[in-house]
Amino acid sequence: MIECVLNDFDIDQIASSGQCFRFHRVGDKSYDLIAGTHLLNIQQNGRTVRFDCDEDEFNAIWRPYFDLDADYGRCKAAVAKRDIYLQNAVAYGGGLRILRQDLWETILCFIISQQNNIARITKCVENLCSLFGEICYNKSEQVYNSIPTAERLATCTPEDLAPVRLGYRAKYICAAARQVASGEVDLEAIRHMDYARAKAELLRLTGVGIKVAECICLFALHHIDAFPVDTHIRQMLDAHYPKGFPLKRYKGFAGVMQQYAFYYELSLKD
DNA sequence: AGCCAGGACGGAA
DNA sequence: TTCCGTCATGGC
């Protein structure tokens, strides 16, 4: 068990931010999280955060996963004083982090995310894991499955995936899985590429366009200068930045600002 | 009952 | 290049 006192960290905000669909709420500010092949229970009480794991696992997996060595206060301080919108967004989502998620898991989740809503994305991901996930965890009477491997999905047809209810995205998943399993697209190589090259390589995957590629770069590869523009961000840009978002001001970490804005936009629509 | 959702694809112009 | 119809499903 590891206990930390953390600034700029709110597990409820992180779990509901729409960058990860694998948080399972098990109590007040308490979640089971599946990340790749790892399972964690995390619980927050004020600024104190409990990670149910040993020190080695904490340092090797969860410290980088939650980006605990980054100073988000510095990002927040960079917001222009007169930028009322972004000031509000940062104040609202001050506990967000940009996660370092598993690459293949993020590819699948964000292929599924297209033209879809977060509630249904979460259900599709759960269906995919429970029906095709290969590794199972037993934790407090709760069974969790990992995301299915590319090799497993490469053997599937879109008809096989019908119970997952992916709609037209099923054929994208099958095709992308074959590209990865065959080595046509090399995920290990992508992990070592810079942002521009990683994005170009991800775009070769069926079902991955510019927006999804940027999400993968931001939420898995931690290229935090990626700035995915989805329908919510598009509306936000039109409404608050008609002359263009000040990307240059936030060069090198624009994706952090994007995430504050995205989370803030979601809150304004319920 | 419609409108919309963290869009991508293939073909037309 | 840019533009446009199409693609499934279900939350709200």
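Letters A, B, ... mirror the listed sequences (proteins, then strands); counts begin at 1.
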**Request:** Using the six-membered ring wherever Trp is involved, compare the ring planes of A:Y31 and A:F23 and label them parallel, tilted or perpendicular (cut-offs 30° and 60°).
**Result:** perpendicular
**Prompt:** With sugar-phosphate meaning primed atoms plus P, OP1 and OP2, does A:G207 contact a base, only sugar-phosphate, or nothing at under 4.0 Å between heavy atoms?
**Reply:** sugar-phosphate
**Asked** Between the side chains of A:Y144 and A:D32, does any donor sit under 3.5 Å from an acceptor?
**Response** yes
**Request:** Round to a whole Å and report the spacing from CD1 of A:I210 to P of B:dC9.
**Result:** 10 Å
**Message:** What contact category does A:S17 fall into here, base, sugar-phosphate, or nothing, at under 4.0 angstrom with non-hydrogen atoms?
**Reply:** base
**Request:** Would you jot down, in residue-number order, the residues of residues 211-247 of chain A having a non-hydrogen atom under 4.0 Å from DNA chain C?
**Result:** none
**Message:** By the 4.0 Å heavy-atom rule, please label A:I118 as base, sugar-phosphate, or nothing.
**Reply:** sugar-phosphate
**Message:** Nearest whole Å is fine: how far is B:dG7 P from A:I173 CD1?
**Reply:** 15 Å
Between protein and nucleotides 7-12 of chain C, what N or O pairs are separated by less than 3.5 Å?
unit_1: C:dA8; atom_1: O4'; unit_2: A:Y168; atom_2: N; d: 3.1
unit_1: C:dT9; atom_1: O2; unit_2: A:R120; atom_2: NE; d: 3.2
unit_1: C:dT9; atom_1: O2; unit_2: A:R120; atom_2: NH2; d: 3.3
unit_1: C:dG10; atom_1: OP1; unit_2: A:R165; atom_2: NE; d: 3.2
unit_1: C:dG11; atom_1: OP1; unit_2: A:K123; atom_2: NZ; d: 3.3

**Asked** Can you tell me if A:D83 and A:Y241 form a side-chain donor-acceptor pair at under 3.5 Å?
**Response** yes
**Message:** Could you check whether A:D8 pairs with A:K76 (Lys NZ or Arg NE/NH1/NH2 to Asp/Glu carboxylate O, under 4.0 Å)?
**Reply:** yes
**Item:** Polar side chain donor-acceptor pair, A:D225 to A:Y250, under 3.5 angstrom
**Value:** no
**Message:** Taking the P atom in each of B:dC9 and C:dG10, what is the distance between them to the nearest angstrom?
**Reply:** 23 Å
**Prompt:** Rounded to the nearest Å, what distance is computed from the CZ atom of residue A:R204 to the P atom of nucleotide B:dA8?
**Reply:** 17 Å
**Prompt:** Under a single-linkage definition using a 4.5 Å side-chain heavy-atom cutoff for Ile, Leu, Val, Met, Phe, Trp and Tyr, are A:F66 and A:L218 assigned to the same hydrophobic cluster?
**Reply:** no
**Request:** Would you verify whether the NZ or CZ of A:R100 falls within 45 degrees of the ring axis of A:F219 while also being under 6.0 Å from that six-membered ring's centre?
**Result:** no
**Message:** Pick the closest DNA chain B nucleotide for A:I121 and for A:L205 by heavy atoms, then say which residue is nearer the 5' end.
**Reply:** A:I121
**Prompt:** Salt-bridged, A:E201 to A:R204, with N to O below 4.0 Å?
**Reply:** yes
**Item:** Separation of A:Q235 CD from A:T231 OG1 (nearest 0.5 Å)
**Value:** 4.0 Å
